[in-house]
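Throughout, protein chains are lettered first and strands after them, A, B, ... in sequence-line order, and every chain is numbered starting at 1. Bear in mind that the values here come from a model prediction, so they are computed numbers and not experimental data.
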2 protein chains.
Amino acid sequence: MTKKALRREPLYEQIKTVLIRRIGDGEWLVNDCLPSEWDLAAELGVSQGTVRKALTALVSDGLLYRRQGLGTFVSETPGDWGEGAMLTPGLFNERPDPLVQELIGVSRSHASDEMADALQVRRSAPLVRVRQLWRLGGVVVALDDAYLPAESFEGLDARWIRQAGGGVHAALQQRFGVRARCVGEQVRAVVPPREESLLLGLDPEEPALAVLRLSAGMDGAPVEWRQRYCRSRFWSWTRREKW
Amino acid sequence: MTKKALRREPLYEQIKTVLIRRIGDGEWLVNDCLPSEWDLAAELGVSQGTVRKALTALVSDGLLYRRQGLGTFVSETPGDWGEGAMLTPGLFNERPDPLVQELIGVSRSHASDEMADALQVRRSAPLVRVRQLWRLGGVVVALDDAYLPAESFEGLDARWIRQAGGGVHAALQQRFGVRARCVGEQVRAVVPPREESLLLGLDPEEPALAVLRLSAGMDGAPVEWRQRYCRSRFWSWTRREKW
DNA sequence: TAGTGGTCTAGACCACAGG
DNA sequence: CTGTGGTCTAGACCACTAG
């Protein structure tokens, strides 16, 4: 036994966990209104202030949104691009632009060592690969491949993805009840392989931004490994603070 | 007159503003302990909870840090790399590494249109350029040029920067009382110009990550425009969430 | 008008650090 | 032991939204 007693987890953290689970279980669907802070407080046996602290954290995590005078709601499944993520297209003082994704195809693949490590599957484990193209104003700006463990997502195919509105993450939510969120991201400057370079419309030897991203379910289990090549010729990728 | 009355700014926002100003004025220096939440509350005429909310916001902004049982303290001036910023070196599951900066030289330059726009100075306005090299484990990993309005920072030279510990931001704080923080960042994949490519030890035509960064003082006035080339060959640049 | 989130207060207890 | 931040409660008032 250790001398130091385990610090008990704060109440609002426990509330967060409960709410995440109940949302994941489908008790409240996308854009559903949660019970009011007071109702939740009564039901959970804590004060309204504690519920508020948990809700505020979930809002900043992007799982919920609030509208004063209306209530607290479940957010849309984030799109495949990764709304709250590191790289969004645009220049320093620009408005967000509409990104359109185009599904190219779904195929089978096997886990590289790097993927197997990130997805916590064995090496060469079977994966599903979903290849998509991103356009902005008609111009191709990015190409990405999403890799998912085939054993966990049997039956995921182009039809399901199209029915879900074209997004892998939307399909995961609808077909498997999994809400994926980005848990790690990497950026490199590379010259893409010839095939990808052609799809992107790059000159030979023209560099692109390569983004590697790992997504996990709300329970923390790795769900998707994504490799994306971004054109860096006309567009750049920006982060903006409140300013 | 408009029908809709102006919404009064929340108290904790006002408290934030007051504290930022008093820190900027040097009332508390780096690593100084602020008065306790209760003392601040009494002095400012608000409740302890309101002070806490303002302090919490400033902690998440990186201006303060707290240690339970001790107090609330003023953070170090962030280093020139940009500690809390988008790109920090390392692989997915790595610990942070010690980055060492080496001052190459300080020279005069003139604002390009892009710089003038970001720094809010006239085109071709005189600028001070500070060129630095970044090493990680002895290997050169990045090269950057910091551009500052010469009129605002007259006298900034290599000696002052060295005396401040080698950092531009540290020198700004010590010599001009300006705490700079990153307000916007951009990433591109490019093949650097020949001179920069040589300094970085890149092969000809080898791509690098180019990071453009605008920093502002606590009052929001633009202070520094920075262009950085990062080697992308052995190192990659990562963001990690709590995970 | 009723119900919601947004803010603020006052007071309480806990865990931690230091003398 | 004292003082600090960390958490939690109960209650209040405000601003916004919908019907």
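- Residue Tyr12(A) places at least one side-chain N or O closer than 4.0 Å to OP1 or OP2 of dT7(D).
- Ranking dT9(D), dT7(C), dG5(C) by closeness to the Pro10(B) side chain, first place goes to dT7(C).
- For Thr50(A) and dT7(D), the shortest distance from a side-chain N or O to OP1 or OP2 is not below 4.0 Å.
- Side-chain contact annotation: Gln132(A) with Arg228(A), donor-acceptor N/O pair under 3.5 Å absent.
- With no hydrogens or angles considered, a side-chain donor-acceptor pair links Arg175(B) and Gln163(B) at under 3.5 Å.
- Using a 4.0 Å cut-off between charged nitrogen and carboxylate oxygen, Arg66(B) and Glu37(B) count as a salt-bridge pair.
- Nearest-nucleotide positions on DNA chain C place Thr56(A) closer to the 5' end than the other of Trp38(B) and Thr56(A).
- Atom-to-atom, NZ of Lys53(A) to C1' of dC8(D) comes out at 9 Å; the value is rounded to the nearest Å.
- Along DNA chain D, the nucleotide nearest Glu13(A) and the nucleotide nearest Gly69(A) are compared for position; the residue whose nucleotide lies closer to the 5' end is Glu13(A).
- In the interface, the side chain of Arg52(B) is paired with the base of dG6(D) through a donor and an acceptor atom under 3.5 Å apart.
- Between Phe73(B) and Tyr65(B), the ring planes are parallel. Angles under 30° get that label, and only those over 60° would be called perpendicular.
- The distance from atom CG of Leu40(B) to atom P of dT9(C) is 14 Å, rounded to the nearest whole Å.
- Across dG18(C), dG5(C), dT9(D), the shortest atom-to-atom separation from the side chain of Val46(A) is found for dT9(D).
- The distance from atom CG of Leu34(B) to atom P of dG5(D) is 9 Å, rounded to the nearest whole Å.
- Each of dC8(C), dT7(D), dA17(C) was ranked by its minimum atom distance to the side chain of Leu70(B); first place goes to dA17(C).
- When both distances must be under 3.5 Å, the Watson-Crick or G-U wobble mate of dG19(D) does not exist.
- Residue Thr72(A) places at least one side-chain N or O under 4.0 Å from the OP1 or OP2 atom of dG5(C).
- In this structure, the CD atom of Gln68(B) is 6 Å from the P atom of dC16(C), given to the nearest Å.
- What separates CD of Gln48(A) from P of dC8(D) is a distance of 14 Å, to the nearest Å.
- The side chain of Arg66(A) sits closest to dG6(C) out of dT4(D), dG6(C), dC8(D).
- With dG5(D), dC16(D), dA17(C) as the choices, the nucleotide that has an atom nearest any side-chain atom of Ser36(B) turns out to be dG5(D).
- Here dT9(C) presents its C1' atom at 15 Å from CG of Leu44(B), a figure rounded to the nearest Å.
- Note: CG (Leu55(B)) to P (dT7(D)) measures 14 Å, nearest angstrom.
- In terms of position along DNA chain D, the nucleotide closest to Asp39(B) lies nearer the 5' end than the nucleotide closest to the other residue of the pair Gly45(A) and Asp39(B).
- At most 12 non-hydrogen atoms from other residues, nucleotides or ligands lie less than 6.0 angstrom from CZ of Arg21(B).
- Comparing dT7(D), dG6(C), dC8(D) by their closest approach to the side chain of Glu37(A) singles out dG6(C).
- Annotation for Gly167(A) and Gln101(A): closest pair CA-NE2, 3.6 Å, computed over non-hydrogen atoms.
- Between the NZ atom of Lys16(A) and the C1' atom of dC8(D) there is a distance of 17 Å, rounded to whole Å.
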